[in-house]
2 protein chains.
Amino acid sequence: MTDNPYEASPERRAQRLAETAPTECDVRVGRLVTDLIGRVADKWTMIILEVLEEHKELRFTELARKVEGISQKMLTQTLRHMERDGMVTRTIHPVIPPRVDYRLTPLGLSLGAAFCGVWIWAEKNLTEVEAARTAFDAR
Amino acid sequence: MTDNPYEASPERRAQRLAETAPTECDVRVGRLVTDLIGRVADKWTMIILEVLEEHKELRFTELARKVEGISQKMLTQTLRHMERDGMVTRTIHPVIPPRVDYRLTPLGLSLGAAFCGVWIWAEKNLTEVEAARTAFDAR
DNA sequence: TGGGCCGCTCTCCTTTTGGTGCGTATAAAT
DNA sequence: ATTTATACGCACCAAAAGGAGAGCGGCCCA
C-alpha cells in the first residue's frame, strides 16, 4: 500500500456527497477503522471476547481451557493486544501461585455488541453463503 | 488450527446450555462468523466491498486502479473468494480484449450494511482506543 | 530433595501470506 | 511484423504468523 486509497479520488468523494451515501462514515477515519477491525477481528480475539462475555472474570489457565486450541503464546499475545486497546483489564494478585484475572471493560463489551450485527447477518445468511460456496465449487 | 474450537469441549457446551446463553447462535454460525470476519478483516476485501458499493459495476483494471496498491494476484484472489461466497457476480464478455465486470450481489450489499455497526463502533470509540494505547505504551 | 503449580517468555520450526514477474490468447492498431 | 491492451494463471521468493516445547521464579507439600 503506497498511499491511502480512501483519499485518492476526488470524483469519488464528490460521488459520495452526491449519492445517498451508503455509509455515512467519515472517509478519513476509514483507514483507522480498517486497521482496528483487522486487529480486533482475528480468530482468537473474537473467541476470547465471547468467552469473557459469558464468564465475566477468568484467569489465564481458565481462558486457555475455555478457548481450547489456542497456544499459550497466542493467548498471551491476544490478551496483551486487547489490554493495549482497552478491551480487557488485567489484575495481578501477588499470591503464591501467581494469579491473573482478566475481564472485559465497557469498551470491550460494546465491541462485542457491535459485532452482534455481523453475527446476526451470518446467522440469517448462513445457508445462502453455504449454497453459494457449494455451487461455486461444483463448477 | 488443528480443529474447531466451537465443537471441542463438552463442558463448554454444557455450560453454554446451563447458563442463560448470551448468544443463542448455532455452532455453524459461529464458525461462519469467525471465518467471515477473518475474511472480511483482511486488508483488501473491505476496500473492494466499499468501492463496489459506490460504483456498482467495475471491470478488473478499473478495480485495480481504484484500490490502488493491490497486486493483480491479490485482486484476483480476493474477488474469487468474494465470488465463491456469493458476494459478487462475475460476468465475462467474450470480446477481443477480454472484459470482465464485477458487481455486488444483494448478499454482498447486506454484508456491507451489517459491518456498518462495527464501522460505527470504531468511529465512535476511535479516540478511546487510541488513548488506551498511548496509556498502555507509556508504562 | 524434588516435584508441582501458574503465568508467562524465549527459542526454534513450519505454515501461511503476499508480492514480483513472466507467460498466454487474440485481434486491432501502427 | 511488431506492439498494445486485457484478465488472468503459475512459479518463485521473502516476510510474517503461529505452534511446540523448554525454561523460570518462588513457594508449598511430600
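Numbered from 1 within each chain, the chains take letters A, B, ... in sequence-line order.
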Notebook entry, point to check: What's the verdict on side chain to side chain contact (heavy atoms under 4.5 Å, CB included) for B:R90 and B:L79, showing C-alpha distance, side-chain angles and the deciding distance?
Noted result: CA-CA 9 Å; B:R90 178 168 174 267; B:L79 285 171; over 6 Å; no
If you group Ile, Leu, Val, Met, Phe, Trp and Tyr by side-chain heavy-atom gaps below 4.5 Å, do [X] and [Y] land in one group?
X      : Y      : result
B:V95  : B:F60  : no
A:L111 : A:I120 : no
B:L75  : B:I92  : yes

Rounded to whole angstroms, how far apart are [atom1] on [X] and [atom2] on [N]?
X      : N      : atom1 : atom2 : value
B:L79  : D:dG9  : CG    : C1'   : 15 Å
A:L75  : C:dC6  : CG    : C1'   : 13 Å
B:I92  : D:dG9  : CD1   : P     : 10 Å
A:D101 : C:dC8  : CG    : C1'   : 15 Å
B:D42  : C:dG18 : CG    : C1'   : 11 Å
B:M74  : C:dT16 : CE    : P     : 14 Å
B:R99  : C:dA28 : CZ    : P     : 18 Å
A:E83  : C:dC8  : CD    : P     : 9 Å

Selected nucleotide, minimal atom distance to A:W44 side chain, candidates D:dC8, D:dG19, C:dG7 =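 Among the listed nucleotides, the one closest to the side chain of A:W44 is D:dG19.
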The side chain of B:Q77 is closest to which nucleotide in this list: C:dG18, C:dC8, D:dC8?
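From the listed options, C:dG18 comes nearest.
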To the nearest 0.5 Å, tell me how far [X] [atom1] sits from [Y] [atom2].
X      : Y     : atom1 : atom2 : result
A:K66  : A:L52 : NZ    : CG    : 11.0 Å
B:R133 : A:D85 : CZ    : CG    : 4.0 Å
B:L63  : B:R59 : CG    : CZ    : 11.0 Å

Below the 4.0 Å mark, does D:dA7 have OP1 or OP2 next to a side-chain nitrogen or oxygen of B:R90?
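No, B:R90 has no side-chain N/O under 4.0 Å of OP1/OP2 on D:dA7.
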For this session: Respond yes when some side-chain nitrogen or oxygen of B:T61 is under 4.0 Å from OP1 or OP2 of D:dA7, and no when none is.
Result: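 Result: yes.
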Margin query: Quick check on the helix from C:dT1-D:dA30 to C:dT30-D:dA1: what's the angle between its two end axes, five base pairs per end, to the nearest 10°?
Written below: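 The end-segment axes of the helix from C:dT1-D:dA30 to C:dT30-D:dA1 are tilted 40° relative to each other.
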Counting only non-hydrogen atoms, which of residues 132-139 of chain A are less than 4.0 Å from DNA chain C?
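Correct list: empty, so none.
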On a heavy-atom basis, which atom in B:G117 and which in A:A114 lie closest, and how many Å separate them?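 B:G117 and A:A114 have their closest heavy atoms at O-CB, 4.1 Å.
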Please work out whether the ring planes of A:F115 and B:F115 are parallel, tilted or perpendicular, with thresholds of 30° and 60°.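 The rings of A:F115 and B:F115 stand perpendicular, inter-plane angle above 60°.
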Apply the side chain to side chain contact (heavy atoms under 4.5 Å, CB included) test between B:L58 and each candidate in B:V88, B:V51, B:I48, B:D101; give the one that qualifies.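 Answer after filtering B:V88, B:V51, B:I48, B:D101: B:V51.
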Heavy-atom donor-acceptor pair, A:N125 side chain to A:E128 backbone, under 3.5 Å
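No: the side chain of A:N125 does not pair with the backbone of A:E128.
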Quick check: on DNA chain D, is the nucleotide nearest B:R59 upstream (toward 5') of the one nearest B:K73, or the reverse? Name the residue that is more 5'.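 Between the two, 5'-proximity favours B:R59.
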Taking N or O atoms only and anything under 3.5 Å, show me the protein contacts with nucleotides 22-30 of chain D, one pair per line.
none

_Regarding B:R80 and B:E83, does a basic nitrogen lie under 4.0 Å from an acidic carboxylate oxygen?_
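Counted as a salt bridge, because a side-chain N and a carboxylate O are separated by less than 4.0 Å.
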